Amino acid sequence: MGGGFLALLRGDVQAERAIPKRGFTAQLTTVVAGVLSFLAVFVLALSLSASRIAKDWASDLGGATTVQLPADRADDIESVLQLLRNTPGVTEARALTADEEQALLAPWLGANMPVDLLPVPKLIDVTTDETFDAAAVAGQLAVVGATLNDHDGWREPLAEVASRLRTLGWATVALITLALLGLVTLAARLSLTSNTQTIGVLRLVGATDTYIAHAFMRRLMLRAATGAAIGTVIGFLVMRRIATIDSAPEFNVAMPFDGWQALWLVLIPVLSGGAALLATQFAAHRTLREIP
Amino acid sequence: MIDLKNVAFGYGGALLFSRVDLELAPGSFHFLTGPSGAGKTTLLKLCYGALHATEGQVTAFGMAFDAQSRDATAKARRRIGVVHQECSFLDHLTVAENVALPLTVTGRQDLLGNLEDVLRWVGLARQSGQLPPQLSGGERQRAALARAVISGPEVILADEPTGNVDWEMSVQVLRLLADLNAAGKTVLFATHDLALIRHAKGLVQARVLRLNRGKLQQAGADL
């Protein structure tokens, strides 16, 4: 089996020369693999990006808690800070500066709004560890009218959305693979049935069905892998272009396929070739049994 | 070599022939004659496993075709050279590449040294680089014969190999087959050309079989 597979990968020049290269199935396989790989790159990119953004947000918010003190209780800020610093599980507690508050409100109120003249609540940025008991602290803070937000309300839906996007991404990749298998099977059958005279001649001179099947399998595998490589490269370039907005870098989507994720760009053509090989093997043996 | 025992064959329920017994002994030469549609081509196809008998058994080199896998049948076919009236080639390959096909398909490149000799033997040395569509009818028959013998098969099955060529070329093809028989090959030559069979009397010791009305018989003195 292993030896046969390696022999198939190495190929047999004579066997492949025996099969004419004409026919639209050649272009069909390449184009289909290219288009499906292009779509696969998009789906993977979206899935990986969404996953990464959600992870980044969750990571940024993880261990971060915000305490809000109403504007009319602003004078109590030092005592609240003291309370927090003495609370187990709090590693750091600090009040946001006026500039930081200004920056937070700038998107809604504009950069030049005099925030200090507005009844804006005071915010305390609290960093915690896993021993922090949010419920207990919230009770203590309620006495002075302060509220505690540990961002769980954000984190959980984000994690859920990321998980659903990942599932959706993989399901779509599975559907794309199924479509590739189906279309390559169809292309292989078309290729074989349009070469019945060639198959008849090869059989007449003693070629086994395995020999004939291999000649078709390797050719279709290489066509699918080539199409997939082209589709992957185009998909990657388009994705990079979409993900980068030069005039407003702060809105750039997190670019997937860096680091280990780049492996996907290699795997897509390899897996497409493998899928084509399986589909062609199935179609070839089945179709050769049908050709008298 | 090839034995047919009590063989029957039919298409779509209608029997074409039945109770056919035939033994192709090593080194023998048989003519198979009979009217068009009698089943000569079918009988030859049974002999190399391209068709399976409806009844009875066909064995080649001691193995029954219907008990073999498809790949085993293909391997048995390598010991049989087949020439058809409508000889098919791979039109994108040269004549030489087509003739060498049985060697390249079976991985016997060591015999490629015989290619030039075989092409010369059938008188196609000059045409070796041409494509099959460029050959005349007689040249195609000789190329098919060269392809059938290049790998040194033990049996040659020729199905109306002279059906599309003139008398001179028919005699030439007959002589080539007689040469092969003289070299020890077993030959079964299907033809409806009785004149050619009569002409062969001076060239080869042959049995003449007639397939007619569903039966295979030894031909009489009328030949």
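All figures in this text were calculated on a predicted structure; none of them were measured in a lab. Sequence lines set the chain letters: A, B, ... in the order given, protein chains first and strands last, and positions in each chain run from 1.
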Would you mind checking which part of Ile212(A) comes under 4.5 Å of any heavy atom in chain B, side chain (CB onward), backbone (N, CA, C, O), both or neither?
neither
At a 4.5 Å cut-off on heavy atoms, which part of Arg147(B) comes close to chain A: side chain, backbone, both, or neither?
side chain
With the side chain counted from C-beta on, respond yes when Leu202(A) and Leu101(B) share a heavy-atom pair under 4.5 Å apart, and no when they do not.
yes
Among Arg79(B), Glu97(B), His84(B), which residue has the highest count of heavy-atom pairs closer than 4.5 Å to chain A?
Glu97(B)
Applying side chain to side chain contact (heavy atoms under 4.5 Å, CB included) between Leu204(A) and each of Val83(B), Ile80(B), Val82(B), report the one that passes.
Val82(B)
Closest heavy-atom pair and its distance - Val105(B), Gly206(A):
CG1-C, 4.0 Å
Rounded to the nearest 0.5 Å, the CG atom of Asp71(B) sits from the OH atom of Tyr211(A) at a distance of 13.0 Å
Is Tyr48(B) close to chain A through its backbone or its side chain, or both, or neither, when contacts mean heavy atoms under 4.5 Å?
side chain
Please report the shortest heavy-atom distance between Ala207(A) and Ala74(B), naming the atom on each side.
O-CB, 3.5 Å
Grab the two heavy atoms, one from Ala18(A) and one from His92(B), that are nearest each other, plus how far apart they are.
O-CE1, 3.1 Å
Are Arg78(B) and Thr208(A) packed together at the side-chain level, in the sense that at least one heavy-atom pair is separated by less than 4.5 angstrom?
yes
Residue, of Cys87(B), Gly49(B), Ala72(B), Pro102(B), that accumulates the most heavy atom pairs under 4.5 Å with chain A:
Pro102(B)
Counting C-beta onward and ignoring hydrogens, is there a side-chain heavy-atom pair between Arg70(B) and His285(A) closer than 4.5 Å?
no
In terms of heavy-atom contacts, does CD of Gln134(B) have more than 12 from other residues, nucleotides or ligands at under 6.0 Å?
yes
